[in-house]
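Because the structure is a prediction, the values reported are computed rather than measured. The analysis underlying the following values was restricted to heavy atoms, covering all of them including side chains, and did not include hydrogens, waters or symmetry mates.
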Number of protein chains: 2
Amino acid sequence: MSISEKLLPFDVVPDDRALAIREALRNAIVDRRLAPGTKLSESEVGSLFEASRTVVRAALQMLAFEGLVKTERNRGAFVSNPTPEEAHQVFASRRLLEPGIVSAAVERITDADIDMFRHQLQEEVRFMGERGPSARRAEIKASGDFHLMLAHVSGNVILQRFMDELVARSSLVIALYGSTGVSRCGHHEHADIVDALQKRDAARASALMLHHIDHIEADLDIRVREGLALKDALDI
Amino acid sequence: MSISEKLLPFDVVPDDRALAIREALRNAIVDRRLAPGTKLSESEVGSLFEASRTVVRAALQMLAFEGLVKTERNRGAFVSNPTPEEAHQVFASRRLLEPGIVSAAVERITDADIDMFRHQLQEEVRFMGERGPSARRAEIKASGDFHLMLAHVSGNVILQRFMDELVARSSLVIALYGSTGVSRCGHHEHADIVDALQKRDAARASALMLHHIDHIEADLDIRVREGLALKDALDI
DNA sequence: CGCATATAGATCGTATCCATTTGTGATTCA
DNA sequence: TGAATCACAAATGGATACGATCTATATGCG
């Protein structure tokens, strides 16, 4: 909550309204409250948020950039339904970016940042202890925030934005293809990474991050859902 | 020309019109025909392209996402004037991404791709031989296309889009802070990279790419212009 | 039962209007 | 004469209505 505001990808605010709608839709998509394939009608979204189509279109265009929604000409905007191939590309991109981000973060990280990470880890533990879908969504979000915080600490605004997109898409992919056991091992690995950060051990932190991403992707049932994707396409 | 069409960052085309305007403005900005700080009035651009403000706004919003234009609330859109800090972040991002992209490209590159690269190198040589600002712009563009082709070969659409943005911003930065000698050494390094690609030597190709980026950034007069940036801010 | 056509629905693009903000220029006062 | 205040013009941001275009469903015919 407090973190995500500090992690806003854009310093300049073109319009508060569109950004608010974008954030709301983003959260809804990432939290799986909006299922992939769901049609996001401009009029409908506009009436929901009491905004005109102009603002909604700006928000939808932003989401289309991020890959969270796909727009089809004269058909409208739909919640993105990542293919296994796209899912793989998301993690391939993260494998490229995040080790370097971690290395850059080690150079600039302060003790205050470390404290912030520790606090974030406690949040993850808290949601891990709870049951139910809402807790799991909060857990996925907290896990993503960890990676966003790293990008924030790295100090590179561009990489921060790239990670913003990649984490959002990852959350969608995890919600789609994820089994259950991702979280627990994930937290442990987050803690290990923070330990390495605290010791300013860039090499170790990077290696841990790489393995962490490998584990996240390995825990996905991408192959199994290929059949389900077909079924989804049929009943929609 | 023919390449950039194949390298379009979005498979799905939300609206041809806005994309066309975006491309035109992009080229104009990257080619330095539109100087940084230039105001891009919605009405003016709209009348130039014979499009309504709606479409122009979509195009400007896309460009704002890419960092090529900056929008100020109730003031309008302006061609971005990258600060030295932003310029450095662009190259830091490229240093992270491109070696990995090269490695991925080695895995998938075909002999036909190699031929394409050779042909691209000849284009660079051709523009290198010519004089004048238009030839230099074409040279910068051709040099950028080389990197975009690599991202294309890597097969990762996400990385392709990231590179699309980074190359565009790099071209802007080079046009702003560049001295003159970048191009010649750049071409030689491109050729070396292609050689390594042909031998499927991922490690060497990655290392060459890293050095190449280092050289590009080293040849910029970022430090000198820091004072000029202040002067620019004053006389604008 | 399959296919082509026609109609209905929705979206996309344009034009127009209003509100808000910015920047400039004129007026006024010290 | 200089500076500060105020007013007006211009542009953006946002909302709405209308026409054009495309999709999708339904209907009719072979």
Check: [X] side chain, [Y] main-chain N or O, donor-acceptor pair, under 3.5 Å:
X      : Y      : answer
B:R161 : A:F65  : yes
B:S47  : B:S43  : yes
A:K141 : A:S171 : no

Atom of B:Q120, atom of B:D145 and distance for their closest heavy-atom approach: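 In terms of heavy atoms, the two residues are closest at NE2-CB, 3.5 Å.
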Comparing A:E50 and B:A77 on DNA chain D - which has the more 5′ nearest nucleotide: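 This one resolves to B:A77.
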Side-chain donor/acceptor contact of B:R53 with base of C:dG13 under 3.5 Å: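 Such a pair does not exist between side chain and base.
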Look at the side chain of [X] and decide which nucleotide, out of [options], has an atom nearest to it.
X     : options                : answer
A:K39 : D:dT12, C:dT11, D:dA15 : C:dT11
A:R75 : C:dT14, D:dT23, D:dG14 : D:dT23
A:S43 : C:dT11, D:dT12, C:dT14 : C:dT11
A:N74 : D:dA15, D:dC22, D:dT23 : D:dC22

Spacing of [X] atom [atom1] relative to [N] atom [atom2], expressed in whole Å:
X     : N      : atom1 : atom2 : result
A:F78 : D:dT23 : CZ    : P     : 12 Å
B:K70 : D:dT12 : NZ    : P     : 18 Å
B:R57 : D:dA15 : CZ    : P     : 10 Å
B:E72 : C:dT20 : CD    : C1'   : 17 Å
A:L40 : C:dC12 : CG    : P     : 12 Å
A:E42 : C:dT14 : CD    : P     : 14 Å

Phosphate contact (C:dT22 OP1 or OP2) by B:R73 side-chain N/O below 4.0 Å: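 Answer no for this pair, as no side-chain N or O of B:R73 is under 4.0 Å from OP1 or OP2.
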Side-chain N or O of B:T54 closer than 4.0 Å to phosphate OP1/OP2 of C:dC12: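 Answer no for this pair, as no side-chain N or O of B:T54 is under 4.0 Å from OP1 or OP2.
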4.5 Å side-chain heavy-atom contact, A:H88 and A:E217: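 A side-chain contact exists here, since the closest heavy-atom pair is under 4.5 Å.
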